**Student:** 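Quick one: structure below, then a few questions.
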2 protein chains.
Amino acid sequence: MDVRAQILTQATRLFADQGYDGTSVQEIAEAVGIRKPSLLYHFKSKDELRENVLAEMLAHWNAVLPGLLLKASTEERFDATMEALSEFFIEDPDRARLFLRETLDRPEQMRAMLAQFVQPWVELLGDQLERAKEQGLVQRDVDPQAYAVEVITMAVAGTAVIDSLQVILPDDPARGSTRKRHTSELIRIARSSLYTKSEGEK
Amino acid sequence: MDVRAQILTQATRLFADQGYDGTSVQEIAEAVGIRKPSLLYHFKSKDELRENVLAEMLAHWNAVLPGLLLKASTEERFDATMEALSEFFIEDPDRARLFLRETLDRPEQMRAMLAQFVQPWVELLGDQLERAKEQGLVQRDVDPQAYAVEVITMAVAGTAVIDSLQVILPDDPARGSTRKRHTSELIRIARSSLYTKSEGEK
DNA sequence: CCTACCGATCGGTAGG
DNA sequence: CCTACCGATCGGTAGG
């Protein structure tokens, strides 16, 4: 792995762990095994590094998420999609925490990002839910866009804070690990608050 | 208002806005209208100030939340409780953002806090849901503790990031403001994924 | 509650 | 990719 990629990897991890302001350039350089001025040769400033970390995260999401969401729309397999979506965040909690942190730290910038990358998919999902409502498959009082936003919030935030929840949501022999319980209940809530009963029951 | 209270108010606002590491003692002192050493006379260190800000937030929650949750259990008015819970966070988004930030920044410490202040209520709510399940009022596949955690996560995180969501969830003449749409859908999801259908329908 | 000041660390640059 | 160094700001203290 070349140095640039190593810098991005360590920066992602440290920004997710400690936040942008809580992480020094020095600390990232040490994690990579180089000196601070060497890092600043690859990325001209700490801010430029942050932008590259975010761009990489977005690129990864754009490569994977469309497939998940299209699967949902074409196959009407909402369960499988929700499970994939949840596992997509669980698989790399750093990304979920980074996303949440940036939304808190730079709401203005995140607004622009959401408009560009998330809104089209929420819109598309909204249209499909609207049609499913007309066919009686989906509960009539659903607000499709708001529903999508709440479910995504639950998936992202739930993943970001999962490690703090072990006290409240301990591993359970009958129900599985903390993560499993979180994922299962997230999916159950999302499904059971969406479909009409005849469709929602197994 | 005495100086100590002013310091706590401004520190709460700035920590919620910019995070602990993103806020300097100097900045808080300026917001209050005093010099930095004067602030450090009232709170011996920045860390002690942070602890006091958190303690004040917890005190406020402990004074208000038990009433909300007891109302839910005794009156079985889940809707009203969820609405009150959501409005409790919406009313002061600073507290929701601060809570989320601390969970990200100091997960270890937050684990202890959750164990002390949140777990008892989740346990109590869990027991009541368990009994309601036996009576057939609540869907049989609900994981009560996990359900409580997901709904609280949705309420806190949703409130904390609401301002960034206006692009995705715009004001709508038929559905109301962004906040209204968030609150309504949150309550709808929570209710409709909990009760059995005969009970859940209006 | 203030002025004056401390060492440590910050992001970043010069120059090789 | 390094050594050497910069001014600015950080949290905190002395002393009144």
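As the structure is a computational prediction, the values presented were derived from the model and not from experiment. Reckoned from all heavy atoms, side chains included, excluding hydrogens, waters and symmetry mates. We name chains A, B, ... by the order of the sequence lines, and we start the count at 1 in each one.
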**Student:** Pair up each side-chain donor or acceptor in residues 14-22 of chain B with any protein partner under 3.5 Å, not counting sequence neighbours, and list the distances.
**Tutor:**
residue: B:Asp17; atom: OD1; partner: B:Arg97; partner atom: NH1; Å: 3.0
residue: B:Asp17; atom: OD1; partner: B:Arg97; partner atom: NH2; Å: 3.1
residue: B:Gln18; atom: OE1; partner: B:Thr23; partner atom: OG1; Å: 3.4
residue: B:Gln18; atom: NE2; partner: B:Glu27; partner atom: OE2; Å: 3.3
residue: B:Tyr20; atom: OH; partner: B:Asp47; partner atom: N; Å: 3.3

**Student:** Nearest-nucleotide wise, let me know which of A:Pro37 and A:Glu27 is further upstream toward the 5' end of DNA chain C.
**Tutor:**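 That would be A:Glu27.
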**Student:** Taking N and O atoms by type only, does the side chain of B:Lys36 place a donor or acceptor under 3.5 Å from a partner on the base of D:dG12?
**Tutor:**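 Pair found.
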**Student:** Atom CD of A:Glu30 to atom C1' of C:dG11: distance rounded to whole Å?
**Tutor:**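 These atoms are roughly 15 Å apart.
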**Student:** Looking at C:dA14, which nucleotide sits across from it as a Watson-Crick or G-U wobble partner, both distances under 3.5 angstrom, or is there none?
**Tutor:** D:dT3
**Student:** Using only side-chain N and O atoms of B:Ser45, determine if any of them is under 4.0 Å from OP1 or OP2 of D:dG11.
**Tutor:** no
**Student:** Which part of the nucleic acid, if any, lies within reach of A:Leu40 when heavy atoms closer than 4.0 Å are counted: base, sugar-phosphate only, or nothing?
**Tutor:** base
**Student:** Please determine, for the side chain of B:Val3, which listed nucleotide (C:dC1, C:dC10, D:dC2) has the closest atom?
**Tutor:** C:dC1
**Student:** Under 3.5 Å, is there a donor-acceptor pair between the B:Gln128 and B:Arg131 side chains?
**Tutor:**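 Result is no, nothing qualifies.
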**Student:** Nearest whole angstrom, please: distance from the C1' of D:dG12 to the CD of B:Glu48.
**Tutor:** 13 Å
**Student:** I need the CZ-C1' distance between B:Arg50 and D:dG11, as an integer number of Å.
**Tutor:** 14 Å
**Student:** In whole angstrom, give the distance that lies between atom OH of B:Tyr41 and atom P of D:dG15.
**Tutor:** 18 Å
**Student:** Mind checking whether B:Phe88 and B:Trp61 have parallel, tilted or perpendicular rings, split at 30° and 60°?
**Tutor:** perpendicular
**Student:** In this structure, how many angstroms lie between the C1' atom of C:dC10 and the CD atom of B:Gln26, rounded?
**Tutor:** 16 Å
**Student:** Rounding to a whole Å, what distance do you find between A:Gln6:CD and D:dC1:C1'?
**Tutor:**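 That distance rounds to 13 Å.
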**Student:** CG of A:Asp2 versus C1' of D:dC1: gap in Å, rounded?
**Tutor:**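 It is 14 Å, rounded to the nearest whole Å.
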**Student:** Check whether any side-chain heavy atom of A:Asn52 lies under 4.5 Å from a side-chain heavy atom of A:Arg50, and answer yes or no.
**Tutor:** no
**Student:** Could you check if a side-chain atom of B:Ser177 sits within less than 4.5 angstrom of a side-chain atom of B:Lys180, using non-hydrogen atoms only?
**Tutor:**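 Sidechains of B:Lys180 and B:Ser177: in contact.
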**Student:** Just how far, in rounded Å, is P of D:dT9 from NZ of A:Lys46?
**Tutor:**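 From A:Lys46 NZ to D:dT9 P: 15 Å.
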